[in-house]
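Written below as structure tokens is the structure these notes are about.
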Amino acid sequence: MFLDIEDILNGDHVDQEVSIRGWIHRTRSSGSIVFAVLRDPTGIVQVTVKKGNVAEEKFQDAKNALVESSLAITGTVHEDDRAPGGYEIRANDVKVYDFAEAYPITKDMSEEWLRENRHLWIRSQRMTAIMKIRSTMTGAIHEFFRELEYHEFTPPILQPNQCEGGSTLFEVKYYDSKTYLSQTWQLYAEAMIFSLGKVYDMSPTFRAEKSKTSRHLTEFWMAEMEAAWLTYLDVIEIAKDEVKYIIMRILEENEKELKFLEVDIENLKTMVEKEWPTITYTEGLQMLKEKDGMDVEWGKDLRTIEEIAITKHFDTPVAVIQYPKEAMAFYKPIEENAQAPGPVAKCFDMLATDGTEIVGGSERDTDLKALIDSLEAEGEDIANYDWYLDLRKYGSIVHSGYGLGVERVLAWICGLDNIKDAIAFPRTMNRFKP
RNA sequence: GCCGUCGUAGCUUAGUGGUGGAGCGGCUGACUGUUAAUCAGCAGGUCACAGGUUCAAAUCCUGUCGACGGCGCCA
């Protein structure tokens, strides 16, 4: 029976004989004693192997095993200040499963090298911590929506047409014709609300944008929701609750990992308790003018630099609503009750405290003619959308939804400076290996 | 699509016109308490690729390839 290393570090097994198994994280030898730090999914612990305490052959094995060799150790747990973590196992038996070759990842590593060796780098304490938090996060999203009695609906990934105007699609050969990888589940979710009412999903999303930044992936996971009878103002509040719930669950489950990543835990705690503001696009422009001296022409979409400036005035994420209709995708309806110099849409973005867009959503236009006009204005072939337009012909109702970028939120919560570390095997414009 | 940075040993790098060095890692040896130990020694190079300038190119020029970042766009 093998214990988790975590259990040793809890101090419950002092002076007991235990067995653990894992991989060598660090190793050094000093004549007749070998210090090996062993790693398993739960933590790291120092093991000492002394000449004479184990069979000579096993001592040599311990001495010769390089970093990442896999082995099992049986020994006695001792409390010892000299050991990292405060506990060590003094071995009386060693079994090496596999002697590793010289591990290519050593002390000095460039970003590029680590990405080329991502299949090995995911063993690092840093990536392990991030991936544990990611698991908590995706679990929390399911919990959150199921608690609200949403149904999970999984959309097709191969889709015949685009949705987000401007985003480029990955084309897939489909027998003798062609189709595209999903860039959103939205159109299908809009169909499903007539059946299930309230739906959510988390699914891969593909965007062939030529964006080479620390905030973009070509394949990422989007957590979306769509609900009948709700307005965009209703779902904004759900989005705020969802992100707060994600943070709360991570605080409950991953304190150790957050500390390892040097995340400001107190800051996250207070953020969960605060009200998150909602401002309009027009108010945002005013704020930029008055507080930042940035003069943005009304009607232009907010650029990265402006989003960062706005978020600097808040200590929580902020929802920005009612962007100019002109700059928005075809399905976002006009908000008639807005105070703005021009037509605005029933839509919102949520900006995290570092200025990244973590959520985007809207009400969906129910006016058949308006939809057709918008599509035509964007140069789309109406025939490609016939099934979607059907949804407006049979009992059309008000409905809204949004999408949350899983990696964006994770990177923000963990304070990662690059979104590529928020997913195990990132896909970007220039890299789809390993 | 536009702008910029980088490419030298397995890894991290020094080297701006004149015989390619070092640290880490590996191997050999020493060491009974290390903290990504220390000490001695050994091996390891198509200076991304192609062309050009020059008596001489890792170094200067042109092109290509690769990687990274920023803008725009987006989650």
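Letters A, B, ... mirror the listed sequences (proteins, then strands); counts begin at 1.
- You'll find that the side chain of A/K50 is closest to B/G33, out of B/G33, B/C73, B/C24.
- Legend: residues meeting side chain to side chain donor-acceptor pair (under 3.5 Å) with A/K63, ordered by chain and number and at least two apart, are absent.
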Could you go over nucleotides 29-31 of chain B and give all protein N or O partners under 3.5 Å, atom names and distances?
unit_1 : atom_1 : unit_2 : atom_2 : d
B/C31  : N3     : A/G31  : N      : 3.1
B/C31  : N4     : A/G31  : N      : 3.4

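- For residues 417-429 of chain A, the pairs satisfying salt bridge (Lys or Arg N to Asp or Glu O under 4.0 Å) are A/R118-A/D421, A/R126-A/D421, with sequence neighbours left out.
- Residues from residues 422-434 of chain A placing a heavy atom under 4.0 Å of any atom in RNA chain B, listed by number, are A/N430, A/R431.
- Residues meeting the side chain to side chain donor-acceptor pair (under 3.5 Å) test with A/Y188, sequence neighbours left out: none.
- Taking every heavy atom of residues 69-84 of chain A and every atom of RNA chain B, pairs under 4.0 Å involve A/D80, A/R82, A/A83, A/P84, by number.
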What's touching nucleotides 1-3 of chain B from the protein side, N or O pairs under 3.5 Å?
unit_1 : atom_1 : unit_2 : atom_2 : d
B/G1   : OP1    : A/K210 : NZ     : 2.6
B/G1   : O6     : A/K210 : O      : 3.0

Throw together a table of side-chain donor-acceptor distances under 3.5 angstrom for residues 346-353 of chain A, partners on residues two or more places apart or in other chains.
unit_1 : atom_1 : unit_2 : atom_2 : d
A/K346 : NZ     : A/E363 : OE2    : 3.3
A/T353 : OG1    : A/W412 : NE1    : 2.7

Return the polar atom pairs (N/O with N/O) between nucleotides 12-15 of chain B and the protein under 3.5 Å, or none.
unit_1 : atom_1 : unit_2 : atom_2 : d
B/U12  : OP1    : A/S110 : N      : 3.2
B/U12  : OP1    : A/S110 : OG     : 2.2

Would you mind writing out the side-chain donor-acceptor pairs for residues 296-303 of chain A within the sub-3.5 Å range, not counting sequence neighbours?
unit_1 : atom_1 : unit_2 : atom_2 : d
A/W298 : NE1    : A/T282 : OG1    : 3.1
A/R303 : NE     : A/E306 : OE2    : 3.0
A/R303 : NH2    : A/E306 : OE2    : 3.0

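- For B/U12 and B/G17, the P atoms lie 26 Å apart once the distance is rounded to whole Å.
- Comparing B/G21 with B/A43, their P atoms are spaced 13 Å from each other, to the whole Å.
- Under the salt bridge (charged side-chain N to carboxylate O under 4.0 Å, His left out) criterion, A/R123 pairs with A/E68, not counting sequence neighbours.
- In secondary-structure terms, RNA chain B builds stems of at least 3 consecutive Watson-Crick or G-U pairs, each pair having both distances under 3.5 Å, at B:1-7 with B:65-71, B:10-13 with B:21-24, B:26-30 with B:38-42, B:48-52 with B:60-64.
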